[in-house]
K.L.:
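Have a look at this one before I ask anything.
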Amino acid sequence: MRFCAFILAFAAIGGCQRETDEKLVELSGRIFVFNYRVATASYLVTLRKTGRIPEGSIAEAVFENPHGGDALAIREKIFAIDDRITLESQHLHCVMKDHAYAVTIRILDGSGKLLQQIDTSITSDLDQTVLPSKPLVIGPGYAPNPEVFKADGTADLRNADDCSK
């Protein structure tokens, strides 16, 4: 009888150890999104849930700012129904081709306690100079932007961002 109790206690301790080492999410995708139509670039990271995440948890991502200066941070609530977590940054300026930009992702419970952290990087295969400075279209009907497509038939598709550091 004591042997059975010992085995059960040992299994319970082992079970607790595995639970703390379990990863709650894994990185399933990381890219730069260049939207030529609206002249924007952003980071996009996707995570796949691999464990049970407590109700009320949040995902926090801190992205290196390609233009320099303070890092860009976002926070997203994690919903139990979702199998994937999508984290997209605000619009970026001065993304350079073949440069690795640092990203830190943290999963926090409702009280702010760190549950998991992922440190990674994202490298673009394009330079942001491929984007125009102004959106090509405006409004819900995607009307041509008159600041880009002039009445005389010319188009201003240049990128006017100052990315000199």
Side-chain angles (χ1 to χ4, degrees), residues 15-145 147-148 157 159-163 165:
C16 291
Q17 181 61 38
R18 278 192 308 270
E19 189 174 312
T20 58
D21 291 340
E22 180 183 13
K23 290 185 179 181
L24 302 174
V25 296
E26 68 181 10
L27 199 58
S28 60
R30 59 183 185 230
I31 61 171
F32 279 98
V33 176
F34 289 92
N35 188 331
Y36 196 78
R37 181 181 294 185
V38 292
T40 62
S42 61
Y43 289 103
L44 182 67
V45 174
T46 56
L47 306 170
R48 186 175 66 83
K49 287 184 184 176
T50 57
R52 187 184 166 292
I53 299 176
E55 191 71 32
S57 295
I58 60 164
E60 176 183 82
V62 178
F63 303 99
E64 181 180 346
N65 187 343
H67 193 57
D70 294 338
L72 309 169
I74 62 163
R75 294 170 68 103
E76 294 289 335
K77 183 172 170 60
I78 299 173
F79 296 98
I81 194 168
D82 296 331
D83 291 333
R84 295 192 185 275
I85 301 165
T86 303
L87 303 168
E88 186 169 9
S89 73
Q90 53 268 59
H91 300 310
L92 306 172
H93 293 281
C94 302
V95 175
M96 298 300 202
K97 179 180 179 176
D98 297 328
H99 182 279
Y101 294 96
V103 179
T104 299
I105 302 154
R106 297 172 19 142
I107 305 299
L108 307 168
D109 70 8
S111 66
K113 178 184 167 198
L114 179 65
L115 300 174
Q116 183 180 348
Q117 180 169 318
I118 299 171
D119 293 306
T120 189
S121 65
I122 303 177
T123 303
S124 177
D125 58 355
L126 292 174
D127 196 86
Q128 193 164 352
T129 58
V130 301
L131 292 178
S133 292
K134 298 175 185 164
L136 300 181
V137 294
I138 55 173
Y142 294 107
N145 185 347
E147 292 181 33
V148 174
L157 299 175
N159 186 304
D161 282 349
D162 178 16
C163 295
K165 291 184 181 180

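Count residues from 1 along the sequence.
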K.L.:
Can you confirm whether H99 is buried at NE2, in the sense that more than 12 heavy atoms of other residues, nucleotides or ligands lie under 6.0 Å from that atom?
P.N.:
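More than 12 within 6.0 Å, yes.
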K.L.:
CD1/I122 to CZ/F32 distance, rounded to the nearest 0.5 angstrom?
P.N.:
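These two atoms lie 6.0 Å from each other.
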K.L.:
What pairs meet the ring pair (Phe, Tyr, Trp, His ring centres under 6.0 Å) rule with one or both residues in residues 123-145, with sequence neighbours excluded?
P.N.:
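Checked against ring pair (Phe, Tyr, Trp, His ring centres under 6.0 Å) - neighbours excluded - no pair reaches residues 123-145.
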K.L.:
Is there a donor-acceptor contact under 3.5 Å from the side chain of S121 to the main chain of A100?
P.N.:
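Not confirmed, S121 side chain does not pair with A100 backbone.
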K.L.:
Taking the side chain from N159 and the backbone from L131, do they hold a donor-acceptor pair closer than 3.5 Å?
P.N.:
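Present.
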K.L.:
Are the side chain of T46 and the backbone of G29 linked by a donor-acceptor contact shorter than 3.5 Å?
P.N.:
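At least one qualifying donor-acceptor pair exists.
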K.L.:
Roughly how far, to the nearest 0.5 Å, is CD of E76 from OG1 of T86?
P.N.:
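Going from OG1 on T86 over to CD on E76, the span is 8.5 Å.
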K.L.:
Apply the test side chain to side chain contact (heavy atoms under 4.5 Å, CB included) to residues R30 and V103: give CA-CA distance (whole Å), side-chain angles for both, the deciding distance (0.1 Å), then the verdict.
P.N.:
CA-CA 10 Å; R30 59 183 185 230; V103 179; over 6 Å; no
K.L.:
Answer yes or no: is there a donor N or O on one side and an acceptor on the other, between the side chain of Y43 and the main chain of L87, under 3.5 Å?
P.N.:
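Not a single qualifying donor-acceptor pair exists.
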K.L.:
With a sphere of 6.0 Å drawn around CG of D119, does it hold more than 12 non-hydrogen atoms of other residues, nucleotides or ligands?
P.N.:
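Atom CG in D119 is crowded, with more than 12 foreign heavy atoms closer than 6.0 Å.
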K.L.:
Please check if the side chain of Q128 supplies one atom and the backbone of C163 the other of a donor-acceptor pair under 3.5 Å.
P.N.:
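Looks like no, no N/O pair under 3.5 Å.
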K.L.:
Which distance, rounded to the nearest 0.5 Å, do you find between the CD1 of I85 and the CZ of F79?
P.N.:
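Taking CD1 in I85 and CZ in F79, the distance rounds to 11.0 Å.
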K.L.:
Identify every side-chain donor-acceptor pair in residues 51-64 under 3.5 Å, counting partners at least two apart or on other chains, and give the distances.
P.N.:
residue, atom, partner, partner atom, Å
S57, OG, P54, O, 2.7
E60, OE1, R106, NE, 3.1
E60, OE2, R75, NH1, 2.9
E64, OE1, A102, N, 2.9

K.L.:
Applying side chain to side chain contact (heavy atoms under 4.5 Å, CB included) to I118 and I107, what does each step give before you reach the verdict?
P.N.:
CA-CA 9 Å; I118 299 171; I107 305 299; over 6 Å; no
K.L.:
Closer than 3.5 angstrom, by distance alone: can the side chain of N65 be matched with the main-chain N or O of G69 as a donor-acceptor pair?
P.N.:
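No.
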K.L.:
Check the surroundings of atom NZ in K77: do more than 12 heavy atoms from other residues, nucleotides or ligands lie under 6.0 Å from it?
P.N.:
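Yes, the 6.0 Å shell around NZ holds more than 12 heavy atoms from other groups.
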K.L.:
Where the side chain of K49 meets the backbone of D82, is there a donor-acceptor pair that is under 3.5 Å apart?
P.N.:
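Flag set: sc K49 to bb D82 pair under 3.5 Å.
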K.L.:
What closest approach, in Å, do Q117 and L114 show between heavy atoms, and which atom pair accounts for it?
P.N.:
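Of all heavy-atom pairs spanning Q117 and L114, the closest is OE1-CD2, 4.1 Å.
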K.L.:
Got a second to check how far E26's CD is from L47's CG, nearest 0.5 Å?
P.N.:
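Atom-to-atom, E26:CD and L47:CG are 9.5 Å apart.
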K.L.:
Could you check if a side-chain atom of L27 sits within less than 4.5 angstrom of a side-chain atom of I105, using non-hydrogen atoms only?
P.N.:
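Side-chain contact under 4.5 Å: yes.
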K.L.:
For L44, does its backbone N or O pair with a side-chain atom of E88 as donor and acceptor, under 3.5 Å?
P.N.:
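Answer holds: no.
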K.L.:
Say you draw a straight line from CZ of F34 to CG of D127; how long is it, rounded to the nearest 0.5 Å?
P.N.:
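Between F34 CZ and D127 CG, I get 7.5 Å after rounding to 0.5 Å.
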K.L.:
Within this structure, what is the CZ-CG distance for the pair R48 and D83, rounded to the nearest 0.5 Å?
P.N.:
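Those atoms lie 9.0 Å apart.
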K.L.:
Please assess L92 against L72 for the test side chain to side chain contact (heavy atoms under 4.5 Å, CB included), listing each intermediate value before the final yes or no.
P.N.:
CA-CA 9 Å; L92 306 172; L72 309 169; 3.3 Å; yes
